[in-house]
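To start, the structure under review is shown below, and the notes come after it.
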Amino acid sequence: MKKLIIANWKMNPASEAEAVRLARSEDFRNVVIAPPFPLIPAVKRALRKSALGAQDVFWKEGGAYTGEVSPRQLKLLGAKYVIIGHSERRALGETDKMVNEKVKAALNEGLKVILCVGESWSVRKKGLAAAKRFVGNQLKKDLAGVNRPMKLKAESLAIAYEPVWAIGTGRADRPKETAEIAVFIKRIIKTKVLYGGSVKAKNVARFLNQEEIGGALVGGASLNPFEFGKIIRAAR
Ligand code: PGA
């Protein structure tokens, strides 16, 4: 199976010109580029091979929701994917209930969802079993009413396992342990499981060599075209 690489630019870069430059240098097949909302149109024009993604979405179709963006609006901009439930959003107050509403609304609109889950260090330091319990609980809440009722196609939802303590810290998980969590996740929902958290050119192959890991969600390293290019080559 082809490995999927998601570039999560977070709140970067600062200008449209930079976004276009970055997009052109990261335009590969099986890659999803997720820029901040205002940069989506410029990035879309720049891409030929990569798919376009967004970093968040709201669950209502329209109305008095200041600052929010609907699934349909994302589709109108050409987004095919949306990242939902990133731990940086959860840290700002996004609950499992909100994540669940977002997942359902995005799938209903035909967007492909990258659902992020992952435990904090206070959980993981108790061991893998504790991490599995935590992630299993998140998935149960985030996917309530999604799996069977929605007759989900495997390609319309991927799970990004992103241990919170590994994000932006330079301290990636151990690939063997990630693979074990991926097997656990696949038992709950049969779909692609990606890894995210300090993915770099020097460690990506060790994750992607694990059969259970279907790709990577890349934050910091996706802002560096040279590093990102090396990640893509390793993914092949
Ligand atoms: P990182 O971020 O690669 O910078 O650790 C990953 C993410 O937040 O998705």
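For the numbers below, each heavy atom of this structure counts, side chains included, while hydrogens, waters and symmetry mates do not.
- Contact check for Val69 versus Asp56: no side-chain heavy atoms found under the 4.5 Å cut-off.
- Looking only at side-chain heavy atoms (C-beta outward), Glu119 and Tyr161 come within less than 4.5 Å of each other.
- Heavy atoms only, all atoms of each residue included: Ala160 and Ile114 are closest at CB-CG2, 3.9 Å.
- A donor-acceptor distance shorter than 3.5 angstrom exists from the side chain of Asn209 to the backbone of Ala205, with no hydrogens or angles considered.
- The two residues Val164 and Gly118 have their closest heavy-atom pair at CG2-O, 3.8 Å.
- Separating the CG atom in Asn30 from the NZ atom in Lys49 is a distance of 11.5 Å, to the nearest 0.5 Å.
- Of the charged side-chain nitrogens involved, at least one lies within less than 4.0 Å of a carboxylate oxygen, so that Lys102 and Glu94 count as a salt-bridged pair.
- No more than 12 heavy atoms of other residues, nucleotides or ligands sit less than 6.0 Å from atom CD of Glu211.
- When the shell of 6.0 Å around NZ of Lys44 is examined, it contains 12 or fewer heavy atoms from other residues, nucleotides or ligands.
- Residues Leu143 and Val103 meet the side-chain proximity criterion, which asks for heavy atoms closer than 4.5 Å.
- No donor-acceptor pair closer than 3.5 Å links the side chain of Ser87 to the backbone N or O of Arg90.
- With contacts defined as side-chain heavy-atom distances shorter than 4.5 Å, the pair Val57/Ser70 does not qualify.
- Looking only at distances, no side-chain donor or acceptor of Lys10 sits under 3.5 Å from a matching main-chain atom of Gly219.
- Between the side chains of Asn100 and Lys104, at least one donor N or O lies within less than 3.5 Å of an accepting N or O.
- One hydrophobic cluster, built from ILVMFWY side chains closer than 4.5 Å, holds both Val199 and Val31.
- Side-chain atoms of Ser198 come within 3.5 Å of backbone atoms of Gly170 as a donor-acceptor pair (strictly under, hydrogens ignored).
- Judged by distance alone, with hydrogens and angles left aside, the side-chain atoms of Ser50 form a donor-acceptor pair with the main-chain N or O of Glu26 at under 3.5 Å.
- In this structure, the side chains of Thr178 and Arg174 stay at 4.5 Å or more apart for every pair of heavy atoms.
- Residues Phe37 and Ala54 come closest through the heavy atom pair CE2-CB, 3.9 Å.
- Within the 4.5 Å cutoff, side-chain heavy atoms of Gln138 are placed close to those of Asp96.
- Side-chain contact, Gln55 with Trp9: no donor N or O sits under 3.5 Å from an acceptor N or O.
- Using bins of under 30°, 30° to 60° and over 60° for the plane-to-plane angle, the ring pair Phe207/Tyr195 lands in the parallel bin.
- In the hydrophobic clustering of ILVMFWY residues, with side-chain heavy atoms under 4.5 Å counting as a link, Ile188 and Ile84 come out together.
- Residues Leu139 and Ile83 are members of separate hydrophobic clusters, defined by side-chain heavy-atom contacts under 4.5 angstrom among Ile, Leu, Val, Met, Phe, Trp and Tyr.
- A donor-acceptor pair under 3.5 Å is absent between the side-chain atoms of Asn224 and the main chain of Ala221, judged by distance alone.
- Few gaps surround CZ on Arg171; more than 12 heavy atoms of other groups in view lie less than 6.0 Å from it.
- For Lys200, the NZ atom sits in a packed shell: over 12 heavy atoms of surrounding residues, nucleotides or ligands are nearer than 6.0 Å.
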* List the steps, then state whether side-chain contact (heavy atoms from CB on, under 4.5 Å) holds for Lys141 with Thr95. => CA-CA 10 Å; Lys141 293 181 187 160; Thr95 63; over 6 Å; no
* **Evaluation steps, side-chain contact (heavy atoms from CB on, under 4.5 Å), between Lys192 and Glu155** => CA-CA 8 Å; Lys192 220 185 229 321; Glu155 67 271 18; over 6 Å; no
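- Classification of Glu180 and Lys176 as a salt-bridged pair fails, no side-chain N sitting under 4.0 Å from a carboxylate O.
- Judged by distance alone, the side chain of Lys3 and the main-chain N or O of Leu208 form a donor-acceptor pair under 3.5 Å.
- With sequence neighbours excluded, no residue forms a side chain to side chain donor-acceptor pair (under 3.5 Å) with Arg206.
- Phe226 CZ to Ile231 CD1: the interatomic distance, rounded to the nearest 0.5 Å, is 11.5 Å.
- The minimum heavy-atom distance between Ala172 and Asn203, with the atom names listed, is CB-ND2, 3.7 Å.
- Taken from CD in Glu101 to CH2 in Trp59, the straight-line distance is 6.0 Å, to the nearest 0.5 Å.
- Summarising the geometry of Gly53 relative to Ile40, their closest heavy-atom pair is O-CD1, 4.2 Å, with the distance given to 0.1 Å.
- Using a distance-only test at 3.5 Å, with no hydrogens or angles considered, a donor-acceptor pair links the side chain of Glu227 to the main chain of Ala201.
- In this structure, Lys75 and Leu111 have side chains that are in contact, with non-hydrogen atoms separated by less than 4.5 Å.
- For Glu18, the CD atom is densely surrounded, since the number of other residues' heavy atoms within 6.0 Å is greater than 12.
- Side chains of Val32 and Ile5 form no contact here, defined as non-hydrogen atoms less than 4.5 Å apart.
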* Start with the C-alpha distance between Trp121 and Lys126, add both sets of side-chain angles, then the distance that settles side-chain contact (heavy atoms from CB on, under 4.5 Å), and finish with yes or no. => CA-CA 9 Å; Trp121 183 246; Lys126 295 185 198 137; over 6 Å; no
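- In the hydrophobic clustering of ILVMFWY residues, with side-chain heavy atoms under 4.5 Å counting as a link, Ile159 and Leu4 come out apart.
- With rounding to the nearest 0.5 angstrom, the CD1 atom of Ile33 is 9.5 Å from the CD1 atom of Ile6.
- Rounding to the nearest 0.5 Å places CD1 of Ile232 at 13.0 Å from CZ of Arg29.
- The minimum heavy-atom distance linking Glu16 with Ala42 is given by the pair CG-CB, 3.3 Å.
- Rounded to the nearest 0.5 angstrom, Leu115 CG and Asp142 CG are separated by 5.0 Å.
- Cluster annotation: Ile213 is connected to Ile189 through the hydrophobic network of ILVMFWY side chains, with a link wherever side-chain heavy atoms come within less than 4.5 Å.
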* To do: Could you give me the CA-CA distance, side-chain angles and deciding distance for Leu47 and Leu52, then say whether side-chain contact (heavy atoms from CB on, under 4.5 Å) is met?
  => CA-CA 8 Å; Leu47 295 178; Leu52 191 64; 4.1 Å; yes
